[in-house]
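In what follows, every chain begins at residue 1, and chains take the letters A, B, ... in the order their sequences are listed.
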Number of protein chains: 2
Amino acid sequence: MADVARLAGVSSQTVSRVSNGYAGVTEETRRQVLAAMKELGYRPNSAARALKRGEFRTIGVITFSLATTGNVRTLEAIATSAASQGYAVTLLPVAVPTQDEVSGAFTRLEELAVDAVIVIMEVHLLDAATLTLPPHVQVVVVDSDAGDHYTVVDTDQAGGTRAAVRHLLELGHGTVWHLGGPEGSFAAQRRADAWRHTLAEAGRTPPPLVRGDWSAESGYRAGLELAARPECTAVFAANDQMALGLVRALHEHGRRVPGDVSVIGFDDIAEAGSFLPPLTTVHQDFAEVGRLCVEAVLRQMREGGPERGTTLVPTRLVTRASTAPPPA
Amino acid sequence: MADVARLAGVSSQTVSRVSNGYAGVTEETRRQVLAAMKELGYRPNSAARALKRGEFRTIGVITFSLATTGNVRTLEAIATSAASQGYAVTLLPVAVPTQDEVSGAFTRLEELAVDAVIVIMEVHLLDAATLTLPPHVQVVVVDSDAGDHYTVVDTDQAGGTRAAVRHLLELGHGTVWHLGGPEGSFAAQRRADAWRHTLAEAGRTPPPLVRGDWSAESGYRAGLELAARPECTAVFAANDQMALGLVRALHEHGRRVPGDVSVIGFDDIAEAGSFLPPLTTVHQDFAEVGRLCVEAVLRQMREGGPERGTTLVPTRLVTRASTAPPPA
DNA sequence: CCAGCAAATGTTTACGCAAACATAACACCC
DNA sequence: GGGTGTTATGTTTGCGTAAACATTTGCTGG
């Protein structure tokens, strides 16, 4: 900076003013400074800036596994959204979702140059780590019921589930089976609860819950079980991947979809419309979730306090070809 | 830090030593300092550290779209790998893959607190932006032919393609069609070139190239064309999503896979084994690519210079149920 | 024609840390 | 017992920036 100042024949302070776009610099001077910057290839040192300003203009995102579409889409939206506000996004991968690992991430985080954190995670793991968070770092959580401690942004799991289950009931199915996500996942928990609740509302008895782990492979295994039950004519899968595996298992055992069994997924991943048959599913607006996270976190930074409570992003049922009335 | 020093009854330098784990501090003193740190909730300020040390311990990753599995897996591996070396990863999303946007990202990058950059991108866009890179920032590129300017890590596109095409020829198909990726993508280019080359080697005439844009939807559209050609009995799709759409189109037009048409994909995404039929595809080791990127970039930082040349990560043909000999 | 003021620019300082250097305390040897 | 080395700790300094304050310049109005 000093070099630039010398070359432009001004003080370093004036260089700083130009570099930060402050008013009160003559057009003439400004041009000279910019020219000098260019000539010397000057770029402001962000460490010094951060030191002086006391903020990093960076948001940390804690997540384990980018294996699920949802996390990735959300992350993408967060990054884009943050960038448009002049914030960078730093990734904090947590390899194994154990309490230790999560605490570890928070510990690393403490040394990290971030002003705020967005946690995309099954957050029962978060509780014990709470205390170690540096106080001035704002937190927003996705996909969790931590609403009484943090700001939470989530999709409307219950609404989407209700729409899916009702759709199947309206087609005439006596009841709806559920291929749920892994234990310990709040999204899975929510969807299972809403499934049970919607059936109860309609006076139907929920069949036993079948569990997968979100993967297509686990959906396939579950499908092997369900294919053996002729009374099962409608399945609500907790995500599209499991639905995919489920359909494959049904198909391999001669149960046609949707002729014999109707299947609904959740997420509406990009490929869902190209499955065989094209999958009816619940669309989630991950981009909106990401956007809201950034908005919330920036608002918190301005206002200084965490807001409690949960913001829900609506879901939408996308009807394709994997659902139909039950066989006569 | 000064507060900690005062409370522990030592100098701030000693606090620094403890905080950085230097030798030459009595066990006694160390304990007192640690206690003081804990009591005051001391967190080292990373901006000040970075300023003093002249490095950020952060790697920037430039990518557009996290829509493709490959990019995401690679990113994940980069993040994990970097974390294990004590480096953070900052994400630089480029919304639209235009020259301007890319240059823009590089401009933002210049202000950004990173020591090195990994570019995951179709890199013909990179060329014009090259010059603006700050000289001390090391670059590694994924998925590109920029090997003469940068260090490049890539999967062995050609090898994978050759294995796929040969597999189909060995099954007895007269020739192999190719559902290619979008123009301007180097991966797509490589795969198409290798496809042509392998056919030529075997003395077969390549049919016209059909293009998609990586999406399942585009694969479906291409499939509509191919389904109308009875002479087409084997298709090598440039990725699994397009293969998925292709299979759906074929299925809808009464062409059985693999009975009438064999289909091979590329990538081996997690769901490929659950497609109907389970997809034969070329497995890419994205995790290895990510790991090698971090390794290369850190090595460059140590050694100060960019290494030219390309490192190839081997691929592997995964034979499932979507390929078979041609109909009699 | 100069007091008085605003706009443009310069000077000083501190952000928090760690490298470099300085000092103190102690052990060991001849 | 004084020199010599070794280890533990303290002091000074500067990293690059921008806020706060100081100064200069140019202009206005009475």
Side-chain angles (χ1 to χ4, degrees), chain A residues 1-37 39-58 86 88 109-115 134-137, chain B residues 1-37 40-58 86 88 108-115 134-137:
Chain A
M1 191 154 108
D3 297 338
V4 173
R6 206 170 309 121
L7 181 59
V10 298
S11 76
S12 68
Q13 183 54 37
T14 300
V15 175
S16 168
R17 282 191 265 257
V18 170
S19 136
N20 288 290
Y22 281 106
V25 180
T26 322
E27 192 48 44
E28 171 64 16
T29 314
R30 161 181 258 83
R31 241 181 308 115
Q32 283 188 341
V33 171
L34 288 174
M37 279 182 178
E39 185 173 337
L40 296 176
Y42 166 80
R43 63 184 204 127
N45 177 313
S46 46
R49 269 198 179 165
L51 176 58
K52 190 71 180 107
R53 294 208 275 229
E55 60 165 28
F56 304 100
R57 312 219 113 224
T58 297
L109 179 71
E110 290 171 9
E111 307 220 340
L112 217 61
V114 299
D115 304 312
H136 61 281
V137 173
Chain B
M1 189 153 108
D3 297 338
V4 174
R6 206 170 309 121
L7 180 60
V10 299
S11 77
S12 68
Q13 183 53 36
T14 299
V15 175
S16 168
R17 281 192 265 257
V18 170
S19 140
N20 287 289
Y22 280 104
V25 180
T26 321
E27 192 50 43
E28 171 65 14
T29 314
R30 159 181 259 83
R31 243 182 304 115
Q32 281 187 344
V33 171
L34 288 175
M37 280 182 178
L40 296 175
Y42 167 80
R43 303 275 145 250
N45 176 313
S46 48
R49 266 194 184 171
L51 177 58
K52 188 72 177 104
R53 296 208 273 228
E55 60 165 28
F56 304 101
R57 309 219 114 224
T58 297
R108 262 177 287 145
L109 179 71
E110 290 172 9
E111 308 220 338
L112 217 61
V114 300
D115 304 312
H136 62 281
V137 172

* Structure fact -> 5' to 3', nucleotides 15-23 of chain C under a 4.0 Å protein heavy-atom cut-off (B base, S sugar-phosphate only, - none) gives BBBBBB---
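When DNA chain D is scanned 5' to 3' for any atom under 4.0 Å from a heavy atom of chain B, the first and last hits are D:dA8 to D:dG16.
Residues passing the salt bridge (Lys or Arg N to Asp or Glu O under 4.0 Å) test with B:R53, sequence neighbours excluded: none. Residues passing the side-chain hydrogen bond (donor to acceptor under 3.5 Å, both in side chains) test with A:S19, sequence neighbours excluded: A:R49. Under the side chain to side chain contact (heavy atoms under 4.5 Å, CB included) criterion, A:T58 pairs with A:F56, A:A88, A:T90, A:V114, not counting sequence neighbours. Scored by the side-chain hydrogen bond (donor to acceptor under 3.5 Å, both in side chains) test, A:Q13 finds no partners at all (sequence neighbours excluded). With sequence neighbours excluded, the residues that form a side-chain hydrogen bond (donor to acceptor under 3.5 Å, both in side chains) with B:T14 are B:S11. Residues that satisfy the salt bridge (Lys or Arg N to Asp or Glu O under 4.0 Å) test with A:E55, not counting sequence neighbours, are A:R57.
Sorted by first and then second residue, the pairs that involve residues 3-16 of chain B and meet salt bridge (charged side-chain N to carboxylate O under 4.0 Å, His left out), not counting sequence neighbours, are B:D3-B:R6. Applying the salt bridge (charged side-chain N to carboxylate O under 4.0 Å, His left out) test to residues at least two apart or on different chains, none of the pairs has a partner in residues 8-26 of chain B.
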Check: residues 20-36 of chain A side-chain donor-acceptor pairs under 3.5 Å, at least two apart:
residue : atom : partner : partner atom : Å
A:N20   : ND2  : A:S16   : O            : 2.9
A:E28   : OE1  : A:R31   : NH2          : 3.4

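Rounded to 10 degrees, the angle separating the terminal axes of the helix from C:dC1-D:dG30 to C:dC30-D:dG1 is 50°, with each axis obtained from five end pairs.
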